[in-house]
Amino acid sequence: MGAEFEAGAAIGGVLYKDVKRAILAALAAGEWKPGEAIPAERKLVERFGVSIGTLRKAIDELVAENIMIRHQGRGTFVATHRQEDHFFRFFRVVHEDGHRAFPSVRLARFRRGKASKEEALALGIAPGDRVFHFVNVLSLDGRPVMTDAITVPEALFDGLTETLLRERPNTLYNFYQDAFGINVIRTEERLRAVLADEDDHRLLEVPVGGPLLQITRIASSYHERRVERRVSRLDTTAHEFAISQP
C-alpha cells in the first residue's frame with residue numbers, strides 16, 4: 001500500500017491527502033468505531049508506508065474537522081456524538097444572552113413515505129425512493145422553541161421505527177451511530193425568514209403569521225454521503241441561531 005501512495009505522490013497528488021482518504025475509507029467500512037482509539041502511529045506508518053510527519057498531517061486535518069479527537073497520553077479516537085462539545089457543534093440554538101442548554105425533545109410525528117423531488121435532490125436518491133419522515137419538537141426552559149422536520153433514506157435506516165426513536169437513550173446523531181453505523185461528520189445549512197403556519201402554531205405555540213427562522217440542513221457522513229435532510233423552524237422571540245462554533 002505504501003508503494004501505491006508513493007506512486008500517487010509522484011504524479012502530483014498530495015501524499016497526506018491520500019493517507020487521509022485511506023483513513024476515511026477505513027472509518028466508512030466500520031474498521032474503527034465511534035469512541036474507539038485508532039491504531040498507534042507506528043502501526044499506521046507501517047500500514048501506509050509513509051513518514052510519521054505525513055501521517056500526523058493527515059490526522060491533524062481529521063482532528064480539525066472533528067472526525068477524530070486527540071486525548072493527551074491516551075491516543076487518537078474516532079469522534080462520537082456522546083460528547084457535549086460535539087452535541088453543541090450541531091445544535092446551535094442559544095438563549096439571547098448567549099447561554100447554551102440541552103433541549104428536551106418530543107417526537108410529534110413519524111411515518112414512512114416516498115421522497116419528493118426536493119428531498120431526493122437533497123439526499124442524492126431517486127424521487128419516489130422510500131424514506132422516513134419524522135418531526136421533533138425541541139424545548140428549552142420548558143417552552144417549545146424549534147421543530148425539526150427530518151427525512152432520512154430507508155435504505156440507510158432499515159428497521160427504523162417510531163418506538164426506537166421515542167426510546168433512544170441519547171442524542172439523535174448518537175442514535176444514528178449506535179443503531180445504524182452512520183456517523184454524521186458534516187452539515188450544510190441555509191437560513192431564511194418565514195411566517196408561522198397552522199402547524200407551527202400547534203407545535204410551537206406561536207401566532208399564525210408570526211416570524212420564524214427556517215434552517216434547512218443537509219447532513220453528510222464519510223465521503224460526502226448525504227444521510228439526512230432537516231428543515232427546522234425556530235421561534236426567535238428569546239433564542240438565536242449561533243453561526244460560530246462553540
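What you see is a predicted model; the values in this text were computed from it and never measured. Heavy atoms only: backbone and side chains are in, while hydrogens, waters and symmetry mates are out.
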Item to check | side chain to side chain donor-acceptor pair (under 3.5 Å) between R233 and Q214, worked out | outcome: CA-CA 5 Å; R233 313 264 281 193; Q214 178 172 293; 2.7 Å; yes
Item to check | Expected output: side-chain R226 to main-chain A122 donor-acceptor under 3.5 Å | outcome: yes
Checklist entry - Crowded around R225 CZ? As in, over 12 foreign heavy atoms under 6.0 Å? => result no
Next on the checklist: Any salt bridge linking E119 with R130? Criterion: basic side-chain nitrogen under 4.0 Å from a carboxylate oxygen.
Outcome noted: no
Item to check | Rounded distance (nearest 0.5 Å) linking atom CG of D197 with atom CG of L204 | outcome: 9.5 Å
Next on the checklist: Is it the case that the side chain of R168 and the backbone of A179 share a donor-acceptor pair, with hydrogens and angles ignored and the cut-off at 3.5 Å?
Outcome noted: no
Checklist entry - What distance separates D148 CG from S232 OG, expressed to the nearest 0.5 Å? => result 3.5 Å
Next on the checklist: Less than 3.5 Å apart, any donor N or O on the side chain of H95 or D97 sitting next to an acceptor on the other?
Outcome noted: yes
Next on the checklist: Between E118 and R229, does any side-chain N to carboxylate O distance fall below 4.0 Å?
Outcome noted: yes
Next on the checklist: For F180 and F175, take the angle between the two ring planes, folded into 0 to 90°, and tell me which bin it lands in: parallel under 30, tilted 30 to 60, perpendicular over 60.
Outcome noted: perpendicular
Next on the checklist: Could you check whether any side-chain N or O of D235 sits under 3.5 Å from a backbone N or O of T237, counting only pairs where one atom can act as donor and the other as acceptor?
Outcome noted: yes
Item to check | NZ/NE/NH1/NH2 to OD/OE distance under 4.0 Å, E240 and R92 | outcome: no
Next on the checklist: To check you understand the geometry: which heavy-atom pair defines the closest contact between P34 and V78, and what is its length?
Outcome noted: CA-CG1, 3.7 Å
Next on the checklist: Please check: side-chain N/O of D129 versus main-chain N/O of A126, any donor-acceptor pairing under 3.5 Å?
Outcome noted: yes
Checklist entry - Are the aromatic rings of H71 and F77 close, with centres under 6.0 Å apart? => result yes
Item to check | Salt bridge present between D60 and R70 (N-O < 4.0 angstrom) | outcome: yes
Item to check | Whether E46 side chain and K43 backbone form a donor-acceptor pair below 3.5 Å | outcome: no
Next on the checklist: Is the shortest side-chain heavy-atom distance between N183 and Y173 below 4.5 Å?
Outcome noted: no
Checklist entry - Do side-chain atoms of T161 reach the backbone of L164 as a donor and acceptor pair under 3.5 angstrom? => result yes
Checklist entry - Rounded to the nearest 0.5 Å, what separation is found between the CG atom of L213 and the NE2 atom of H239? => result 13.5 Å
Checklist entry - Roughly how far apart are L62 CG and T76 OG1, rounded to 0.5 Å? => result 9.5 Å
Checklist entry - Does F157 have its ring centroid less than 6.0 Å away from the ring centroid of Y176? => result yes
Next on the checklist: Just to verify, which of T147, D199, N136 counts as forming a side-chain hydrogen bond (donor to acceptor under 3.5 Å, both in side chains) with R109?
Outcome noted: D199
Next on the checklist: To the nearest 0.5 Å, what is the distance between CZ on F241 and CG on L191?
Outcome noted: 5.5 Å
Item to check | Basic-acidic side-chain contact under 4.0 Å: K57, E61 | outcome: no
Next on the checklist: Looking at E154, is its backbone amide N or carbonyl O close enough to the side chain of R112 to form a donor-acceptor pair, meaning the two atoms are under 3.5 Å apart?
Outcome noted: no
Next on the checklist: To the nearest 0.5 Å, what is the distance between CG on L203 and CD on E198?
Outcome noted: 11.5 Å
